[in-house]
Amino acid sequence: MRTAQIPPQRESTWDECDPKNYGYYGGSNDYRTPEETVAQTVPSWFVGLAVQLALTGLLLWWAWARTRTPVRSLPRGTRIA
């Protein structure tokens, strides 16, 4: 799941004459170990929690703003039931 957070390379080329490609079958330098993948990504639960907290705060603020009664703009002596 974490590898989905790492964007793929837009362009891939293969040059058989390139010296760094000689070790492809024996072990390439482009291979990421699982530890490297985890170190380069953000845990999914943390992102989900942050989005949920932001959405909750926004909805609570919106509900408070919609139900607030403008007491100062009412005429004197008016009662709110």
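Residues: numbered from 1 along the sequence shown. Remember, predicted model here, so these are calculated numbers, not experimental data.
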Query raised in the report: Is there a path from Leu60 to Leu58 through hydrophobic residues (I, L, V, M, F, W, Y) whose side chains come within less than 4.5 Å of each other?
Result: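 As far as the 4.5 Å side-chain criterion goes, Leu58 and Leu60 are not connected within one cluster.
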Query raised in the report: Is Leu53 linked to Trp61 within one hydrophobic cluster, defined over Ile, Leu, Val, Met, Phe, Trp and Tyr using a side-chain heavy-atom separation of less than 4.5 Å?
Result: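 No, because Leu53 and Trp61 fall into different hydrophobic clusters, even though each may have its own neighbours under 4.5 Å.
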Query raised in the report: Linking Ile, Leu, Val, Met, Phe, Trp and Tyr through side-chain heavy atoms less than 4.5 Å apart, which residues share a cluster with Leu59?
Result: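 Leu55, which link up through side-chain heavy atoms under 4.5 Å apart, make up the rest of the cluster.
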